[in-house]
Amino acid sequence: MTLQDSGNVRVRFAPSPTGYLHIGGARTVLFNWLLARKYGGKLILRIEDTDRTRHVEDSVGQILDDLRWLRLTWDEGPEAGGAFGPYYQSERLDLYNKYLDQLLASGEAYYALETPEELGAMRAAAEKATGGFRYPRPDPLPSIEEGLAVRAEGRAVVVRLKMPAADITVDDEILGQVTVAADQHEDFVIQKGDGFPTYHLACVVDDELMKISHVLRGQEHLMNTPKHIALQRALGFSTPRYAHLPVIFNIDGSKMSKRDKEKAIKKGLPPPEIDVHDFRVAGYLPEAVLNFISLLGWSPGEDREQFDLQEMTTLFSVDRIGKTNAKFDREKLQSFNTDWAARLSEDRLLEAYKEYLSANLDGGEISEWVNGPVTDAVLRLILRACRGFRTFRQVDAKVRFLFTADDDIVYDPKAVKKVLKKNDGAGYAMLEDLLNRFEALTEWTGDVLESLLNRVMTEKETKLGHVAQPIRVAITGATISPSIHESLFLLGPEHSLARIRLCLAKREDES
RNA sequence: GCCCCCAUCGUCUAGAGGCCUAGGACACCGGCUUUUCAUGCCGGCAACAGGGGUUCGAGUCCCCUUGGGGGUGCCA
């Protein structure tokens, strides 16, 4: 990046509205966002909705939502507006048609009259014969009149670009020079039979009209770039700087596909997180997700790993982006999440927790726990009691007993056996003793409870575990919860005592 | 098949010819702390894909092989 680029950086993220924002897409936006931020440029959000058959209802809303959750803002695009709109390609058809006409008139493009079926047959035959197919340019080329006449008959006709008979070199900021030989080119389709432009045309026209300076996109687009360069030359456009990002895979090397989720569900396995939304629902913090994906294909060096968006912006640079594909390691993400959760302010953590809850309740709000309405103060207490947690989902699991009615507590048989029945019901005996002491308490605070339990431990010359675990099982049904005095305090005297009595009563039922 | 890209611990990576006895982080394995689950602390294991060059010297440059990935759509 040279000095004269400063202030003129205009980058874009151009998703197709086919579902939630994919985690790989998130990294692409992030890098674009960082570049724009670093050089005081603009990030443009453009919706590439030229394939009506793949359009998914409301997915633009979902993508915008995911970006907001990540705190990645855009300067132009849906909701933001801008001087280069519209930002939906489906609303820019007249623009594409104008350039299409120009190309047709100058002879740089031509109508191709094969039906999809004919093309398919040609491809199949060629693949059988040589293993590969390249569209053979007709000789002579159909005239414009001919193309128009066929179209007038109601038959779908496509427009193809006449590729130049010369090598094309992509000057990539990450990969260096990549040359595709002249004999590898193919006259590709720029307008589909339904009158929509293909991705290539729309992309090139928009990048020019929107004055895009740098294109940072996935490496799966590398082989499209010579096509785009040819189109730019035919149209008299300039060529933006290109940087093709390495691809992100699953830990086993397979593609991170949205279909992995359906496959896992079919097998009865928990679905893996693939889309940004999945990570949100699973209880990850946007700070951690962003930090983690920034390190997939990029590194600031000097053994630095953890930083927020601001530091990232300072550290970011395109020449530190690597060429090697990366595998997505959820274990490391979890570790990052743990660190971020420990580092964030209470206010921010509370906000993030509420976002997590709302994503899981489909936008609804969690309203009641055993002791009444759920307030911010309650959520703060919960988060504090769960310090050291890895994801919000773990927080949920740990405090579920606070959202369960006394009669609905499910006692884990293993826990009951190990903690209560063992040693001739030593656990139950402990509970009976503790019940009396709890009933005598006039104050129910964490401190009071803690010192009471400590006293019991000393008196009985036993470990705290023998005191705490029976209570834990009695009030939660299982062996996992926040520290015992905090668990008791949060539950409150009424429910705590009720559950201990209930637990003791259940023992009698069984004997 | 053809074209293109890539190659350091299991994973993410540092490494711009001597600073490399190859560094960090996650995971893993030990140990400590602990009231459960976590957390925290200490220690350990672990890599330059293979082969040729170039050079006084190669993880770093070149070539080949192998392996991985992408493209080869009227998808983007």
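Reminder, nothing fancy here: chain letters follow the sequence lines and each chain counts from 1.
The side-chain hydrogen bond (donor to acceptor under 3.5 Å, both in side chains) test applied to Asp51(A) returns Thr53(A), not counting sequence neighbours.
Judged by closest nucleotide on RNA chain B, Phe292(A) is the one of Asp339(A) and Phe292(A) placed further toward the 5' end.
Between C20(B) and G15(B), the distance separating the two P atoms is 14 Å to the nearest Å. G10(B) and C4(B): their C1' atoms are spaced 29 Å apart (whole Å). Between G59(B) and G52(B), the two P atoms lie 14 Å apart (nearest whole Å). Of the P atoms belonging to G71(B) and G44(B), the separation is 44 Å, rounded to the nearest Å. Nucleotides G50(B) and G24(B) are separated by 23 Å at their P atoms, to the nearest Å.
Residue Arg52(A) is out of contact with every strand shown, counting any heavy-atom pair closer than 4.0 Å. No engagement by Lys128(A) is indicated, since no non-hydrogen atom pair under 4.0 Å with the nucleic acid exists. Here Thr50(A) lies in heavy-atom contact (under 4.0 Å) with sugar-phosphate atoms only. Among the atoms of the strands shown, base atoms are found under 4.0 Å from some heavy atom of Val158(A).
Nucleotides of RNA chain B lying under 4.0 Å from heavy atoms of chain A occupy a range whose first and last members, 5' to 3', are G1(B) to A76(B).
Taking the six-membered ring where the residue is Trp, Tyr110(A) and Tyr135(A) present parallel rings, their angle staying beneath 30° rather than reaching 60°. Between Trp298(A) and Phe307(A), the ring planes are perpendicular. Angles over 60° get that label, and only those under 30° would be called parallel.
Pairs engaging residues 462-490 of chain A under the ring pair (Phe, Tyr, Trp, His ring centres under 6.0 Å) rule: none recorded [sequence neighbours left out].
The aromatic ring centres of Phe328(A) and Phe279(A) sit less than 6.0 Å apart.
Across all their heavy atoms, Pro286(A) and Leu70(A) have their closest contact at CB-CA, 4.1 Å.
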